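Step one of this worksheet: look at the structure below.
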Amino acid sequence: MSRPVRVFPVAAGALALSLALTLTACDGGVHGTPGGAGRHDPYFPKAGNGGYDVSHYGLTLAYDPGTRHLTGTAVITARATQDLTAFDLDLKGLDVGAVTVEGRDARWNRAGQELTIRPHDDLKKGETFSTTVRYSGTPETITDPDGSKEGWLRTADGALALGEPVGSMAWFPGDDHPSDKASYDITVTVPKGLQVVSNGELKSETTDGDRTAFVWHSAEPMASYLATVVIGHYTITRSTTSDGLPVYVAVDPTQVAASKKVLAKIPEIIEWEQYNFGPYPFSSTGAIVNRPGDSGYALETQNRPVFPGVPDTDILVHELAHQWYGDSVTPKTWRDMWLNEGFATYAEWLWDEDHGGRTAQQTFDKYYATPTDDSTLWGFPPANPPGAMYISNPPVYHRGAMVLQKIRQTVGDDRFYDIIQGWTAAHRHGTADTAEFTAYVEKMAPGKDFSGIWKDWLYGDGKPDHQ
Ligand code: TRP
Ligand code: ZN
């Protein structure tokens with residue numbers, strides 16, 4: 001049995017220790033160092049970890065809404081991107097019972113959200129290794145810098161896990177940063193009579209005595225902030241789109257009647273989005289509708305977004321558009337958030353334009369008419385929120401969408417659709433940042449000058465003086 005051992009002395013000693021580890025390791029001919037506590041995100045510097053990339057999470061969980069007790073085993077397959085003497089996982093709250101790396105007991109230590117693991121044997125750059133973490137406890141609800149709640153949320157009859165931007169660490173240990181995507185197998189055992197809905201496809205549902213285990217599989221890469229689990233009573237509807245894509249919709253029984261009509265639009269919305277954005281990137285789609293107040297917002301959880309109560313068509317279009325913009329093409333850091341929200345908002349503008357509402361240009365004009373001194377809209381540029389608490393504020397959404405309309409004005413409709421579809425193809429199941437986006441637009445429209453758009457609309461402070 002391994003016990004928690006303090007691997008690292010406190011902060012001031014960390015440098016000295018990492019030096020010591022390096023020197024010790026060098027004696028054995030391996031130049032390993034600890035991977036480090038973060039991925040240098042400009043807004044969440046401790047989110048994610050250095051030195052490795054995860055390819056797969058196997059999560060086996062059991063939860064009882066009565067006691068709010070979670071037990072979990074996470075089997076994490078990762079590849080070392082440097083020689084490693086130690087590496088971190090993100091985990092907030094919960095008690096760690098045991099950690100093994102490549103089947104051998106590992107030493108570990110916790111400080112804040114960092115679970116630092118020192119494997120029995122050093123890991124070589126390029127090596128694929130498996131880490132198993134056993135843990136349990138009452139998972140926490142996390143309050144974000146902007147005051148919104150994520151992590152593990154209690155609902156009337158169960159629980160809801162939401163992870164944007166840093167909530168997955170409340171229910172499983174991992175590399176909690178959008179730049180590290182992986183496939184997932186999520187198994188959750190609950191008291192018989194409750195349902196569990198997660199990402200991907202349901203592979204099995206097995207009742208043994210008074211407990212039922214649900215096995216969900218996500219083959220396509222997923223960022224940790226898009227992983228979800230809901231536990232409770234749900235009315236499940238399965239269907240398919242006209243191209244045979246499975247649609248799995250789970251609705252809280254109190255919301256079924258009022259949400260029927262809007263949820264019936266999912267196949268039509270997906271087909272319209274495929275026409276505009278390119279092939280749907282995942283093996284299934286759907287939605288999860290909870291009670292109003294179960295969460296304070298909707299979230300584009302992969303395959304099936306979560307809604308607090310009955311969605312309207314625009315928010316359904318928005319969260320499903322994120323499956324292309326955010327879930328398949330994922331921001332490299334939280335600074336690139338406008339690549340999610342600007343596109344998903346622009347999808348609403350386009351939907352309205354194509355369905356007898358305002359044109360996107362008219363919506364743009366409506367926002368442009370916002371007075372110069374209104375800082376809600378003009379307070380900061382979409383590609384540079386002034387801090388972590390601003391990443392989901394209106395400039396990211398509406399000014400982000402305005403950038404796309406400026407590009408459309410510059411290149412015309414045909415080239416514009418080539419760009420927004422080509423972008424989802426170029427980075428399908430990957431990650432991208434703002435510089436890659438502007439370079440892509442320039443490459444797709446040779447001879448056009450975007451410098452004013454980037455300077456004034458994307459990165460510039462205040463209301464641009466040209467419409
Ligand atoms: N991404 C959600 C949407 O589609 C909004 C959201 C919820 C959000 N929680 C967040 C955005 C945390 C940034 C950070 O509208
Ligand atoms: Zn959004």
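Since the model is a prediction, treat every value here as computed from it, not as a measurement. Order of listing sets the numbers, starting from 1, for every ligand and every atom in it.
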request  = Could you tell me whether the Zn ion (ligand 2) has an N, O or S atom of E341 under 2.8 Å away?
outcome  =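 Short answer: yes, at least one N, O or S atom is under the cut-off.
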query = Relative to the ring of Y346, is the ring of W349 parallel (under 30°), tilted (30 to 60°) or perpendicular (over 60°)?
reply =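 Judged by the thresholds at 30° and 60°, the geometry between W349 and Y346 is tilted.
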query = Any salt bridge between R39 and D175, counting N to O under 4.0 Å?
reply =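 So R39 pairs with D175 through a salt bridge.
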Per-ligand residue contacts, ligand 1, heavy-atom threshold under 4.0 Å =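 Residues E164, P165, Y297, A298, L299, E300, H318, E319, H322, M337, E341, S392, Y397 each place a heavy atom under 4.0 Å from ligand 1, listed by chain and number.
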query = Can the ring centres of Y135 and W108 be said to be less than 6.0 Å apart?
reply =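 No: the rings miss the under 6.0 Å criterion.
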inquiry  = Taking G200's backbone N and O only, do any of them form a donor-acceptor pair with H217's side chain (distance below 3.5 Å, no angle check)?
reply    =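 No, the answer is negative, given that no donor and acceptor are paired below the 3.5 Å cut-off.
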key: Between Q195 and E205: side-chain donor-acceptor atoms closer than 3.5 Å   =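 No.
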inquiry  = So if I apply the ring-ring contact (aromatic ring centres under 6.0 Å, His included) rule between W338 and each of F437, Y459, Y397, which one comes out positive?
reply    =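 The option that passes is F437.
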